[in-house]
Novice: 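Attaching a single structure in C-alpha cells format; questions to follow.
Residues take their numbers from the sequence shown, with the count starting at 1.
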Amino acid sequence: QVQLVESGGGLVQPGGSLRLSCAASGFTLDYYAIGWFRQAPGKEREGVSCISSSDSSTNYANSVKGRFTISRDSARNTVYLQMNSLKPEDTAVYSCARYSTTRCVYGLEDYWGQGTQVTVSS
C-alpha cells in the first residue's frame, strides 16, 4: 500500500540546518508530485514546498524561499527538504504528501505521512 514516512526532524538552534526525508513506498515518485507542509500549534497547515514529477519544477512559500531546498532521489524513492538558516518561526510538524497528479496542484493531495517535529530554539 501507499506509504510516506518522514524523518530527520529534531531540535536545532536558530541559524542551524536540518534535512527532512520523505520515504515513499507502494508507488514510484517519478509519476507523482510531492509536497511538504507544516503546521505549528494553533495555526493552520501551510504549504512549504513542492516538486513536480513532470519536469522537476519546484515552488516554495515566500517565508522559506532562499532557505529551503526540495529535491528528489528517484533511486531511493525519497524526497528531501533541506532547511538552512532556521528560525524559531519554522517550528512546526512537517509532513509530506503525495499529489494525485504529476504537478503541484494544491487540494489534490491524496496520501499523507505522519509528520516529523522540527523545533528551532536556543
Side-chain angles (χ1 to χ4, degrees):
Q1 71 275 23
V2 172
Q3 276 193 315
L4 297 166
V5 179
E6 301 95 336
S7 62
L11 173 64
V12 63
Q13 292 187 342
S17 297
L18 283 174
R19 188 178 77 159
L20 304 183
S21 299
C22 173
S25 60
F27 70 100
T28 301
L29 281 178
D30 289 349
Y31 301 111
Y32 298 90
I34 299 292
W36 280 99
F37 297 78
R38 68 185 181 186
Q39 186 166 22
K43 293 188 177 181
E44 291 188 358
R45 184 170 59 203
E46 65 169 334
V48 175
S49 182
C50 185
I51 184 166
S52 72
S53 62
S54 56
D55 58 3
S56 294
S57 61
T58 59
N59 58 53
Y60 299 91
N62 287 335
S63 58
V64 307
K65 208 169 287 185
R67 299 188 297 123
F68 291 10
T69 303
I70 191 171
S71 62
R72 185 177 65 219
D73 185 334
S74 296
R76 289 182 168 81
N77 218 34
T78 299
V79 171
Y80 300 100
L81 185 67
Q82 178 67 43
M83 306 187 297
N84 298 328
S85 302
L86 283 162
K87 305 175 181 179
E89 51 263 43
D90 294 318
T91 296
V93 174
Y94 285 72
S95 302
C96 60
R98 190 189 82 166
Y99 289 87
S100 58
T101 64
T102 59
R103 292 191 171 275
C104 301
V105 181
Y106 287 109
L108 294 186
E109 303 89 5
D110 58 2
Y111 287 93
W112 292 83
Q114 83 289 350
T116 185
Q117 176 71 46
V118 171
T119 302
V120 185
S121 174
S122 55

Novice: Pairs in or reaching into residues 1-11: which pass salt bridge (charged side-chain N to carboxylate O under 4.0 Å, His left out), with residues at least two apart or in two chains?
Specialist: none
Novice: Partners of Ser100 by side chain to side chain contact (heavy atoms under 4.5 Å, CB included), sequence neighbours excluded?
Specialist: Leu108, Asp110
Novice: Tell me, which pairs form a ring-ring contact (aromatic ring centres under 6.0 Å, His included) where one or both residues lie in residues 68-95, sequence neighbours left out?
Specialist: none
Novice: Just jot down the salt bridge (Lys or Arg N to Asp or Glu O under 4.0 Å) partners of Arg67, sequence neighbours excluded, or say none.
Specialist: Asp90
Novice: Return each pair, listed once, that meets disulfide (SG to SG under 2.5 Å) where at least one residue sits in residues 51-82; pairs must be two or more places apart or across chains.
Specialist: none
Novice: Give me the other members of the hydrophobic cluster that Val5 sits in, counting Ile, Leu, Val, Met, Phe, Trp and Tyr linked by side-chain heavy atoms under 4.5 Å, directly or via other members.
Specialist: none
Novice: Check side chain to side chain contact (heavy atoms under 4.5 Å, CB included) between Ser122 and all other residues, then give those that pass, not counting sequence neighbours.
Specialist: Pro14
Novice: Determine the interplanar angle of the Phe37 and Tyr99 rings, folded into 0 to 90°, and report it as parallel if under 30°, tilted if 30 to 60°, perpendicular if over 60°.
Specialist: tilted
Novice: Just grab all the disulfide (SG to SG under 2.5 Å) pairs involving residues 60-122, residues at least two apart or on different chains.
Specialist: Cys22-Cys96, Cys50-Cys104
Novice: List in chain and number order the residues that pass salt bridge (Lys or Arg N to Asp or Glu O under 4.0 Å) with Asp30, two or more places apart in sequence or in another chain; answer none if no residue qualifies.
Specialist: none
Novice: Which residue pairs satisfy the side-chain hydrogen bond (donor to acceptor under 3.5 Å, both in side chains) criterion with at least one member in residues 7-27, sequence neighbours excluded?
Specialist: Ser17-Asn84
Novice: Can any side-chain N or O of Thr116 pair as donor or acceptor with the backbone N or O of Gly9 at less than 3.5 Å?
Specialist: yes
Novice: Applying side chain to side chain contact (heavy atoms under 4.5 Å, CB included), can you list everything that pairs with Asp55, at least two apart in sequence or on another chain?
Specialist: Ser52, Ser57, Arg103
Novice: Which residues satisfy the side chain to side chain contact (heavy atoms under 4.5 Å, CB included) test with Phe27, sequence neighbours excluded?
Specialist: Val2, Leu4, Ala24, Leu29, Tyr32, Ile34, Arg98
